Amino acid sequence: MTRKFYAEMYKEYKMTRDDYYILHDIGWRAQSWLAQKIGTEHMSYIHYEDLLPIQYRHHLVNPRYWGMIFKWKFKLKVVPKAFPISEKLQSVEMEHGCKHTLILPIMSDPDEFGEAKRILKPELLKFIYSGAKANTHEDDLSLLFQALQMLTDDEKKKIEIHITGMSKDKLEEKVGNPELLKGLTVEVHGWMKYSELIELYREMDFLALPRFKNGVTEANFPSKIPESLSFGIIPVCSKVGDYTRTYLEDGYNSFLFETGNVNACVQSLRRALNITEEDYLKMRKNARRTAVEKFGYKNWSEEISLFLKK
């Protein structure tokens, strides 16, 4: 968005220095213009992603990479307050001179679509991998399918795997070996409308989220965590990032395993498969409770308001 856009917004909404502004992602020129017009005392920004060379092709000669680096350094120095989504990002902000920070999780509205209640544990357990983040530095689908192949034939019959956000060809590419898909019940949905994804969530029992451990995943907070917990879906995921240290508890609302450890992933999958009906229903309730008490917008509104008025 250009300075012209913000000039129009400034005039239309009668923006003043008494208002509070939370920036998402704007260019440094537009931000500089805003700072001159309204000052920076009531200005803050949301910081949701770290910038690492591995995220850019040929980063040393990639102008987009260096432009983003310049923009964020400028923003960190000029804007006095920030809302990082992780401790990792908070440390980056403080290192570059941001004076005040409030770590916020990715949030959801647990009441928007209601709860997907269960009264029995189904015989066929449905796992979902949601999203298209299966790239070279975030989600490790190869490890997940290696672990699935290490299950017994009887165990495999108890699982149905749903993949969204990619085609079957892309899934095979990300898994690395098409043989890892054989003998498993895998349904590839491709890209879905959000309303369709919500309906699919209602049918799911577990969220599969295998991740690499690196600077990107340490800084990241996947939106699919609060989103799936809202429906009582139990995450089976790698232990990396703030959400696994602060909000997820192994055996309470999730099954966690060491990053990059295929045997540990197998163990977590088996714990999910062999869970008793009583514990299954209890963990679903705990997952939903976590979404309501920890990720609901209403829980954070007062704290955000107090932070902005400091």
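Keep in mind the model is a prediction, meaning the values are calculated, not measured.
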Does the side chain of [X] pick up a donor-acceptor pair with the side chain of [Y] at under 3.5 Å?
{"X": "D205", "Y": "Y280", "result": "yes"}
{"X": "N253", "Y": "T290", "result": "yes"}
{"X": "K156", "Y": "Q149", "result": "yes"}
{"X": "Q146", "Y": "S142", "result": "yes"}
{"X": "S130", "Y": "Y201", "result": "yes"}

Please step through side-chain hydrogen bond (donor to acceptor under 3.5 Å, both in side chains) for the pair N220 and T217, ending with a clear verdict.
CA-CA 5 Å; N220 189 243; T217 54; over 6 Å; no
Within 45° of the ring axis of Y45 and under 6.0 Å from its six-membered ring centre, is that where the NZ or CZ of K81 lies?
no
Tell me whether the rings of F206 and F255 are parallel (<30°), tilted (30 to 60°) or perpendicular (>60°).
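Tilted: the ring planes of F206 and F255 meet at 30° to 60°.
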Should the ring pair F221 and Y243 be called parallel, tilted or perpendicular, given that the plane angle runs from 0 to 90° and is split at 30 and 60?
tilted
Any Lys/Arg nitrogen of R245 or E218 sitting under 4.0 Å from an Asp/Glu carboxylate oxygen of the other?
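Salt bridge flag = yes for E218 with R245.
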Who are the ring pair (Phe, Tyr, Trp, His ring centres under 6.0 Å) partners of H100, not counting sequence neighbours?
none
Cluster membership besides I103, Ile/Leu/Val/Met/Phe/Trp/Tyr side chains within less than 4.5 angstrom, sorted by chain and number, is none
Could you walk me through whether Q90 and T101 pass the side-chain hydrogen bond (donor to acceptor under 3.5 Å, both in side chains) check?
CA-CA 7 Å; Q90 183 188 48; T101 61; 2.9 Å; yes
Do K285 and R288 have side chains that approach each other closer than 4.5 Å (heavy atoms only, starting at C-beta)?
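Result no, sub-4.5 Å side-chain heavy-atom pair not found.
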What side-chain donor-acceptor pairs closer than 3.5 Å can you find for residues 188-195, not counting sequence neighbours?
from, atom 1, to, atom 2, distance (Å)
H189, NE2, H162, ND1, 2.7
Y194, OH, E227, OE2, 2.8

